[in-house]
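Have a look at the structure below, then the notes.
Both counts, for ligands and for their atoms, begin at 1 and track the order of listing.
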Amino acid sequence: VRKVHLVPKAHYGGRHAVTMLPGGGIGPECMGYVRDIFKYIGAPVDFEIVDIDPNADNDDDLKYAITTIKRNGVCLKGNIETKSEAAYVTSRNVALRNELDMYAYVLHCKSFPGVATRHKDIDIHIIRQNTEGEYAMLEHESVKGVIESMKVVTASNSERVARFAFEFAKKNGRKKVTTVHKANIMKLSDGLFLETSRRVAKDYPELEHNDLIIDNCCMQLVSRPQQFDVMLMTNLYGSIVSNVVCGILGGAGIHSGRNYGDHYAVFEPGTRNTGTAIAGKNVANPIAMINASIDMLEQLGHHFHADLIKAAVDKTINEDHIMTPDLGGQASSTQVVEAIIDNIDLYMKNKVSF
Ligand code: NAI
C-alpha cells in the first residue's frame, strides 16, 4: 500500500531519523532483528532508541519518547508493558497515541500462501478509531459496588476516522467499506459513529458501504472472511476484530499495524501484544515487527529497501517454508532472520529489481 500520508524531510544524505521504542516482552529482541536487517542492506535510517521503564513511577521516559517522535515524525514501536493494575496507572501505549493524536489505526491482514490456515485469500484492511471510545480510561465507583466506565464517541473524531477510511479505500483501489458497530444497544455512542460513517459514505459514491453489528461481524469473520474489504470501527471492536483476523491468518506474529494522525506515524506489530511468556527463548515470530519496519520504510519513501525486505520475507515464508512454531514451523527466530538475510543476499547478487 503505497499511500503517503505524511513524509518527514530526510536529513543530510537522504537518511531519516526514526524513534525506536523497543517496549517490553519480545519487543527488544524483535527490534534487534530489524536492526540486523537494516544494517545488512544499508537502509538509510538512524534509530533513536528510547527505553521506557515499565516500573518507573513517573512518565519522564514516555514524555521523552513523545518529544523524539514529535521531532522525527516517525516511530517503530513494541508494546510498552503496564505492570501495575492500579486504576490510576494508565496504559502508556494509549497515552502515547492520545498525546500524538493518532486517531486512525490501519491493520492490513493479507493471507500468506505459505501459512497453513483454514481460510484462504483474505485481504482485509481494518481501520480503527484509535484515541477514544472504550479506551477513554474514565472509570469511577459511583457508589460502593457500582463501577461506571465511560465510552466517549465524538462527532469530530468519528468524522475524521470515517473520512480516513473512505479516502484510504479510494486511494488504494478498494471496493467496499463496512462499518462495524453495536448501535442497536449503544444507540447514542455507536449510533453517532454509524450515522457519521453513513453521511461520509455519501461523498464516495464509487465505494460500496454497508454496516454490521459487531457480534454478527465476528461470526461472519470466522465463517466467511473473504466477504470483507475495508472495515471501519470504534476502538475496542477494532482491537477484538484485529485479534480475530490475525488469529484466522496465523496468529500474532505476522501482521503489522500503522497508527496515523495528521502529523505523526507509528508502526508496530498488528495485535500489539507483548509476548512476555516467550521473550528471550528465541521462538518469537520476528515477521510482525519486520513487516512494521517495511511499512515504516514505505512511509519514508525508501521503496527499494522496503520492497527488498518484503520480497525476502515472502520467499522465506511462502517458498522456503522457514517459520517459527506459531506458524507450524520448527525454525527459531534467529533462523528465520538468517533465512531472510540469505534471501536478501540472493536478490542483491542477482540484481533483482522490484
Ligand atoms: P500475549 O502477549 O500473551 O500474546 C498472545 C499470544 O500470542 C501468546 O500465546 C503469545 O505467545 C503469542 N504471540 C504474541 N506475539 C507473538 C510472536 N511474535 N510470535 C509468536 N507468538 C506470539 O498477549 P495478551 O495476553 O493479549 O497481552 C499481553 C499484554 O499485551 C497485556 O499487558 C496487554 O495489555 C497487552 N496488549 C495486548 C493487546 C492485544 O490485542 N492482545 C493489545 C494491547 C496490549
Side-chain angles (χ1 to χ4, degrees), residues 21-34 37 52-55 62 76-87 89-98 102 105-107 109 112 115-117 126 128-131 133-137 214 218 221 233-259 266-294 313 316-317 322-337 340:
L21 305 182
I26 57 173
E29 61 200 66
C30 290
M31 291 301 190
Y33 306 140
V34 168
I37 294 171
I52 295 181
D53 177 2
N55 297 310
L62 183 71
L76 185 65
K77 176 180 175 296
N79 200 299
I80 305 162
E81 286 175 296
T82 312
K83 287 260 158 107
S84 171
E85 291 188 356
V89 180
T90 53
S91 161
R92 290 178 172 132
N93 301 292
V94 176
L96 186 117
R97 296 196 286 268
N98 290 351
M102 295 187 295
Y105 187 63
V106 182
L107 176 64
C109 292
F112 275 82
V115 177
T117 51
I126 297 168
R128 159 184 179 188
Q129 206 296 324
N130 210 21
T131 50
E134 304 83 352
Y135 285 58
M137 298 191 293
I214 177 71
C218 289
L221 272 173
M233 61 202 82
T234 56
N235 212 339
L236 182 61
Y237 307 150
S239 180
I240 296 166
V241 167
S242 297
N243 278 251
V244 170
V245 181
C246 285
I248 291 171
L249 290 173
I254 328 177
H255 295 92
S256 52
R258 293 168 278 159
N259 301 270
V266 173
F267 301 89
E268 62 185 333
T271 52
R272 296 173 171 167
N273 326 71
T274 49
T276 306
I278 55 169
K281 296 185 173 155
N282 202 9
V283 293
N285 191 341
I287 303 293
M289 191 66 86
I290 295 171
N291 276 335
S293 76
I294 294 171
V313 166
T316 302
I317 296 180
I322 297 174
M323 291 179 263
T324 42
D326 55 306
L327 300 182
Q330 291 175 339
S332 63
S333 321
T334 43
Q335 283 170 334
V336 172
V337 175
I340 292 169

Side chains of residues 25-33: which donor-acceptor partners sit under 3.5 Å, not counting sequence neighbours?
| unit_1 | atom_1 | unit_2 | atom_2 | d |
| --- | --- | --- | --- | --- |
| E29 | OE1 | G280 | N | 2.7 |

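A side-chain donor from one of Q129 and T131 sits under 3.5 Å from a side-chain acceptor of the other. Residues R97 and N235 bring no donor and acceptor atom of their side chains to less than 3.5 Å of each other.
Side-chain contact check for C109 versus I248: every heavy-atom pair is 4.5 Å or farther apart.
Within 4.0 Å of ligand 1, heavy atoms belong to protein residues I26, N79, S239, N243, A252, G253, T271, R272, N273, T274, G275, I278, A284, N285, D326.
Summarising the geometry, atom OG belonging to S333 is positioned 9.0 Å from atom CG belonging to D326; distances are rounded to the nearest 0.5 Å.
Both tests pass for R128 against the ring of Y135: distance under 6.0 Å to the centre and angle within 45° of the axis.
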